[in-house]
Protein chains: 2
Amino acid sequence: MIAEVHASRPGGRTARVRADVLAAVESELAEHGYDGLTIDAVAARSGVHRTTLYRRWKTVPGLLVDLLEAGADDAWEPADTGSLEGDLIAVNREIHAALTARPSITQAVIAASFRTAAAADALTRFWEDRYERTALVVSRAVARGEIPGGTDPHQLLLTATAPLYHQLVLLRQPMSRDQADQHARIAAASVR
Amino acid sequence: MIAEVHASRPGGRTARVRADVLAAVESELAEHGYDGLTIDAVAARSGVHRTTLYRRWKTVPGLLVDLLEAGADDAWEPADTGSLEGDLIAVNREIHAALTARPSITQAVIAASFRTAAAADALTRFWEDRYERTALVVSRAVARGEIPGGTDPHQLLLTATAPLYHQLVLLRQPMSRDQADQHARIAAASVR
DNA sequence: ATCTTAACGCAACGTTCGTCGCATTTAGGG
DNA sequence: CCCTAAATGCGACGAACGTTGCGTTAAGAT
């Protein structure tokens with residue numbers, strides 16, 4: 001998620017317009033949720049003309065994609081708690097917080113990903129990047145001799161994190177933080 | 001998912017219209033995917049008037065909801081293979097097949113559930129029903145003495161099935177049937 | 001067979017959506 | 001400071017969407 005360095009004219013007004021628009025997207029999202037998020041509403045709130053939004057962002061999902069990329073934390077890496085189980089619990093708590101926040105930007109972007117291919121691609125890239133970085137907790141555990149070297153990082157992370165997404169996003173039912181912790185423990189125990 | 005028994009006039013023409021429409025929805029879905037699924041296209045293909053579709057089904061997600069309910073198998077129950085692991089593998093293979101089919105009705109309904117509350121509710125009810133029935137594999141395992149009595153069925157099923165949904169639906173990446181089996185084994189082992 | 005009325009067909013309407021051509025502003029370079 | 005072109009503002013347009021009023025058909029009751 002590198003910021004667009006080769007933009008032909010990223011200066012003053014353009015940057016200000018982008019900031020205004022993304023701020024409006026966030027506010028609109030907070031007030032009316034994803035369904036109330038429309039190009040016209042964002043245009044009205046931001047003071048930027050409809051046509052400009054259609055030209056630069058094309059669609060509502062496009063706006064959310066940009067919001068996602070603008071907020072991408074390039075320095076993110078999983079916490080090091082000293083044990084595999086502790087690391088997985090920390091990861092799951094982050095996911096749990098992101099999915100239960102109201103409004104949840106993550107939930108909104110997921111919804112958007114079912115509308116346009118561009119949003120789906122952006123989200124896939126984002127998650128690929130995150131899971132790749134999170135694989136660090138597995139290699140650290142291997143280095144500590146906690147788990148065997150042949151362990152598949154992705155399978156392990158899937159076991160730990162998938163239940164949160166499934167329960168909170170698809171099944172649309174509550175999940176306590178304790179339950180989230182518990183799934184991290186199950187995953188950690190599965191590779192011992 | 002009981003068929004609407006108290007419909008005031010479900011007879012001949014009305015039933016025929018519904019059958020024509022749902023058939024058209026399925027065909028249209030197969031050819032153009034969810035994005036190409038529009039009220040007008042379904043009306044044209046089915047020979048039923050636009051207005052009728054708007055009156056009875058309101059929205060495109062509404063059409064998919066009805067398709068889901070029409071295809072609901074009220075007799076469904078999980079296969080009995082004689083072991084918890086075998087049962088979970090069987091369940092996961094069904095889910096795997098449903099999510100990798102092309103076109104996948106399940107994937108389409110999931111996409112629809114992010115558009116209208118009615119679709120989200122219908123899907124939630126459907127899954128609640130399925131997971132409740134699938135809990136049978138857990139009670140059978142308890143009866144066989146395979147696992148302790150205090151086992152939480154939902155947590156176990158979540159561990160087994162969530163990775164499939166997450167990988168195939170949200171992460172939008174492939175998963176082999178062997179990997180699906182593997183997650184069933186991990187779940188089975190987690191309660192031993 | 002007749003009647004009632006729910007369900008459907010039909011045409012027209014207003015709204016929202018996304019696009020286009022053109023004028024205006026302004027960032028960034030000479 | 002001036003010049004060029006990218007970015008934005010503006011108004012209008014056509015198409016798609018969803019709704020409404022009214023006439024017609026036919027299911028189900030008497």
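The sequence lines fix the lettering, A, B, ..., with proteins before strands; numbering per chain opens at 1.
Residue B:R56 contributes atom CZ, which lies 16 Å from atom P of D:dT19 at whole-angstrom precision. Rounding to whole angstrom units, CH2 of residue A:W57 and C1' of D:dT8 are separated by 11 Å. Atom-to-atom, CZ of B:R18 to C1' of C:dA6 comes out at 17 Å; the value is rounded to the nearest Å. In this structure, B:L63 atom CG and D:dG18 atom P are separated by 11 Å, rounded to whole Å. Summarising the geometry, the separation between CZ on A:R115 and C1' on C:dC17 is reported as 13 Å, rounded to the nearest angstrom. Residue A:R16 contributes atom CZ, which lies 11 Å from atom P of C:dG28 at whole-angstrom precision. When rounded to the nearest whole Å, the span between NE2 of A:H49 and P of C:dC22 equals 17 Å. Rounding to whole angstrom units, CG of residue B:D20 and C1' of C:dC8 are separated by 13 Å.
Considering only side-chain N and O atoms, B:T14 lies nowhere under 4.0 angstrom from the phosphate OP1 or OP2 of D:dA27. The side chain of A:Y54 contributes an N or O atom lying less than 4.0 Å from OP1 or OP2 of C:dG18. Distances shown here put every side-chain N or O of A:T51 at or beyond 4.0 Å from the OP1 or OP2 atom of C:dC20.
Nearest to the side chain of A:D40, among D:dG11, C:dG9, C:dC17, sits C:dC17.
A cation-pi contact, defined as under 6.0 Å to the ring centre and within 45° of the axis, is absent between A:R133 and A:W76. Figure legend: cation-pi geometry between B:R172 and B:Y165 absent, as NZ or CZ is not positioned both under 6.0 Å from the six-membered ring centre and within 45° of its axis.
With a 6.0 Å radius and a threshold of 12 heavy atoms from other residues, nucleotides or ligands, A:E132 has its CD atom at or below the threshold.
For B:S83 and B:R144, the side-chain atoms include no donor-acceptor pair closer than 3.5 Å. Looking only at atom types and distance, the side chain of A:H154 has a donor-acceptor partner in the side chain of B:Q167 under 3.5 Å away.
Residue side chain B:R50 does not reach the base of C:dG9 through any donor-acceptor N/O pair under 3.5 Å, judged by distance alone. Scanning atom types as modelled, no donor and acceptor separated by under 3.5 angstrom connect the side chain of B:R13 and the base of D:dA26.
In this structure, A:R55 reaches the bases: a heavy-atom distance under 4.0 Å links it to at least one base atom across the strands shown.
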